[in-house]
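Here the structure is a predicted model, which means the values were calculated and not measured.
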Protein chains: 2
Amino acid sequence: MVSSDQGGEHTGGEIPAVVGGLRMTKQRRAVYQILLDDRDHPTATDVFRRVEKTMPSTSLATVYNCLEALVEHGLVNQVNFDREPSRFCSNLKEHVHFHDESTGVIHDISFKKGAKLEDLLSLPKGTTVKDLELTLRGVLPKKK
Amino acid sequence: MVSSDQGGEHTGGEIPAVVGGLRMTKQRRAVYQILLDDRDHPTATDVFRRVEKTMPSTSLATVYNCLEALVEHGLVNQVNFDREPSRFCSNLKEHVHFHDESTGVIHDISFKKGAKLEDLLSLPKGTTVKDLELTLRGVLPKKK
DNA sequence: AGCCCTAATTAGAACTATTCTAAATTGGGA
DNA sequence: TCCCAATTTAGAATAGTTCTAATTAGGGCT
Ligand SMILES: [Mn+2]
Ligand SMILES: [Mn+2]
Ligand SMILES: [Zn+2]
Ligand SMILES: [Zn+2]
């Protein structure tokens, strides 16, 4: 791999000039870096407040624009819980979200290896699933 | 069972004066009846337009109030697809939602008998799941 | 039946997350 | 360096939903 990285997602180190076909402007890089560093599923406003710290001239509209671009290019996932503000997640491994009511933390939950959706659901034969969103709410066992 | 039906959900026939602890006003009954009759997962505005036909004095605020009351009393489920307007569903059997892109229809999909969420997801032992929302988008095989 | 009192309904304003608009800025490439 | 399309920006607009405050409805009492 060379420095340009025109291909798919980005993993580790400095964010190159283009990722997944998306040109990394100063603002997009800042937004993307926050989502790579902070895996707490921040909202657009959360991201805005964090970007502001190092780039005070950034506007909220730009944060929305950047998030939209990152989502459209598949670098980031948009996560919705009921009617709450959207949250953003840079974990590209297929996973679902568990909102722990006792801590407020949103956890990434992965699928068990070999698990198939068709084993769980009565889907008509020949169904194509293009997108899936699964969110859980509850409490995790408290760590000792 | 006698005519009052103070207990759980309502199934078939005329809607009694109280269902699931919720007193059925004229407006609540109209909203509930629509959701029982029309299983197409209408939005609040959809419901409003349908209620209007037989009760033209009904306000949109009342439709929202009624839907909220029905949801709080567990007679109806609120369903969210991404950031679209909420939809409402009177199917109380545990199920998930499949949005067919080719027809626009939202289908109820039930769990396979005996299927367990823990078989699909890597949930820490001792996790309590209080709520689950699973939505799918894709295409169903076209009926001949 | 009439009264009373609380709950429910109503119209409209307010709210909030998000999107749009139009002008200013940026920066990659000729 | 200059140019131009893409991006950023501030602020207005939008849309679904919730709130406010006034009105109405109707169940339970006498
Ligand atoms: Mn939910
Ligand atoms: Mn989705
Ligand atoms: Zn995630
Ligand atoms: Zn349903």
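- Ion pairing between A:Asp40 and A:Arg50 holds under the 4.0 Å rule for side-chain N and carboxylate O.
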Seminar exercise, completed: Quick tally for nucleotides 19-27 of chain D: nucleotides whose base has a protein heavy atom under 4.0 Å get B, sugar-phosphate-only ones S, the rest -, giving B------SS
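- The structure places CE of B:Met24 at 10.0 Å from CD of B:Gln33, a figure rounded to the nearest 0.5 Å.
- Rounded to an integer number of Å, the gap from CZ of A:Arg28 to C1' of D:dA6 is 8 Å.
- Remark: P of C:dG27 and CE of A:Met24 are 15 Å apart, rounded to the nearest angstrom.
- Across the protein-nucleic acid pair, B:Asn80 atom CG and C:dT18 atom P stand 13 Å apart, rounded to whole Å.
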Would you list the atom pairs, donor with acceptor, under 3.5 Å between side chains in residues 104-119 of chain A and any protein atom, with sequence neighbours excluded?
{"residue": "A:Asp108", "atom": "OD1", "partner": "A:His41", "partner atom": "NE2", "Å": "2.8"}
{"residue": "A:Asp108", "atom": "OD1", "partner": "A:His95", "partner atom": "NE2", "Å": "3.2"}
{"residue": "A:Asp108", "atom": "OD1", "partner": "A:His97", "partner atom": "NE2", "Å": "3.2"}
{"residue": "A:Asp108", "atom": "OD2", "partner": "A:Asn91", "partner atom": "ND2", "Å": "2.8"}
{"residue": "A:Lys112", "atom": "NZ", "partner": "B:Glu118", "partner atom": "O", "Å": "2.8"}

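- Whole-Å rounding puts the B:Gln27 CD to C:dA11 C1' distance at 14 Å.
- Between B:Ser59 and C:dT10 there is a side-chain polar atom (N or O) within less than 4.0 angstrom of OP1 or OP2.
- Backbone-only contact: B:Thr25 has heavy atoms under 4.0 Å from sugar-phosphate atoms and none from a base.
- A heavy-atom distance below 4.0 Å to DNA chain C is reached by these residues of residues 32-58 of chain B, ordered by number: B:Ser57, B:Thr58.
- Mapped onto DNA chain D by nearest heavy atom, A:Val63 and B:Tyr64 fall at different nucleotides, with A:Val63 at the one closer to the 5' end.
- Rounding to whole angstrom units, CG of residue A:Leu67 and C1' of C:dA17 are separated by 13 Å.
- Atom-to-atom, CG of B:Leu60 to P of D:dA15 comes out at 14 Å; the value is rounded to the nearest Å.
- The line from CG of B:Leu132 to OG1 of A:Thr135 is 7.5 Å long, rounded to the nearest 0.5 Å.
- In this structure B:Phe48 satisfies the ring pair (Phe, Tyr, Trp, His ring centres under 6.0 Å) test with no other residue, sequence neighbours excluded.
- Between A:Asp46 atom CG and A:Asp38 atom CG the span is 9.5 Å, to the nearest 0.5 Å.
- Under the rule for a salt bridge (charged side-chain N to carboxylate O under 4.0 Å, His left out), B:Arg23 has no partner lying at least two apart in sequence or in another chain.
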I'd like a table of donor-acceptor pairs (distance under 3.5 Å, sequence neighbours excluded) in which one partner is a side-chain atom from residues 63-75 of chain A, with atom names and distances.
{"residue": "A:Asn65", "atom": "ND2", "partner": "A:Ala61", "partner atom": "O", "Å": "3.4"}
{"residue": "A:His73", "atom": "ND1", "partner": "A:Ala69", "partner atom": "O", "Å": "2.9"}

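- Both B:Arg83 and B:Cys66 lie near DNA chain C, and the one whose nearest nucleotide falls closer to the 5' end is B:Cys66.
- Rounded to whole angstrom, the span from the CZ atom of A:Arg29 across to the P atom of D:dT7 amounts to 14 Å.
- Going from atom CG of B:Asp82 over to atom P of C:dT19 covers 11 Å, rounded to whole Å.
- There is a side-chain donor-acceptor pair under 3.5 Å between A:Gln78 and A:Ser86.
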